[in-house]
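Note that ligands are numbered from 1 as they come in the structure, with each ligand's atoms numbered from 1 the same way.
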Amino acid sequence: MLMDLHMHSNYSDGKNTPEEMIEAAIGIGYEAIAITDHVWKSSSWVQPYASHLRSLKQKYRHQIQLFSGIEAKVTSLCGDIDADPTFDTMVDLVLGSIHRIPKSDGYFKKSDIDYYAKTVIIENWLEAFNKLLENPRVDIIAHPLSELKGFGIRQEELPMMEITDSIAASGKILELNVRYNTADDPVIRLSADKGTAFLISSDSHSVQDLVVNSRLVRDFVNMGMFRIIDIQQYLIAKKEKTMG
Ligand SMILES: [Zn+2]
Ligand SMILES: [Zn+2]
């Protein structure tokens, strides 16, 4: 199934409306997409956003399968996400991502690389990442490890066996984000070997992004080296779990 389950609309920082994104996706030939706008705990538009996406699911149901989602960033070393828990029940998918590396009092700034040893930044990142993996609210780990690049930390400097073991044990879906990852990234390659379920997503912020990135998404899917999650099955199982 050709799909892209991470993109933004003008409900957050995307340039286009959900309708424009959906119509572009239909034009590309996607069978399913998710619109996953960035949220904050204080976001007051999530309810209208969710009901808008519900109506669009109906409107386009014969052309494409639409899922609703939110992308929420990690706010602390405990792996908490910046989203009100009520948001989770309004959408299909919760993406968790580290956009800034937390520390005990706030976040690391890029300039902190001059004051802290890399090992300290890595230690804090690892703690937050492992807790994110344990966070039951989160379905998909979006662009894993991306934030470390900004601190000049390469994957070779990380305990990759341990990280990819934890990802596999968590049962979370790992995103191969075509903006940040390649098939050769150790986190991607090792996770694929360990049987982790993947989604290949573009994180597009406009119709133009969506079109350009679709070629990469297709290439990764065709590579056949990733076990792509059956998202329908996943959502059915998730629903059973929350009702159970
Ligand atoms: Zn993100
Ligand atoms: Zn995103």
Item to complete: Give every protein N, O or S atom lying under 2.8 Å from the Zn ion (ligand 1), naming each by residue and atom.
Response: E71 OE2, H99 NE2, H143 NE2
Tell me whether [X] is salt-bridged to [Y], with the criterion being a basic N under 4.0 Å from an acidic carboxylate O.
X: K110; Y: D112; result: no
X: D165; Y: K194; result: yes
X: K238; Y: D139; result: yes
X: R179; Y: D203; result: yes
X: E123; Y: K118; result: no

Worksheet item: How wide is the angle at the Zn ion (ligand 2) between NE2 of H6 and NE2 of H8, to the nearest 10°?
Response: 100°
Worksheet entry | Metal site the Zn ion (ligand 2): N/O/S of H205 inside 2.8 Å | no
Fill in: Y30 vs M1, side chain to side chain contact (heavy atoms under 4.5 Å, CB included): CA-CA, chis, key distance, verdict
CA-CA 8 Å; Y30 278 124; M1 194 181 202; over 6 Å; no
Discussion item. With no hydrogens and no angle check, just 3.5 Å: does a side-chain donor-acceptor pair link D92 and S68?
Written reply: yes
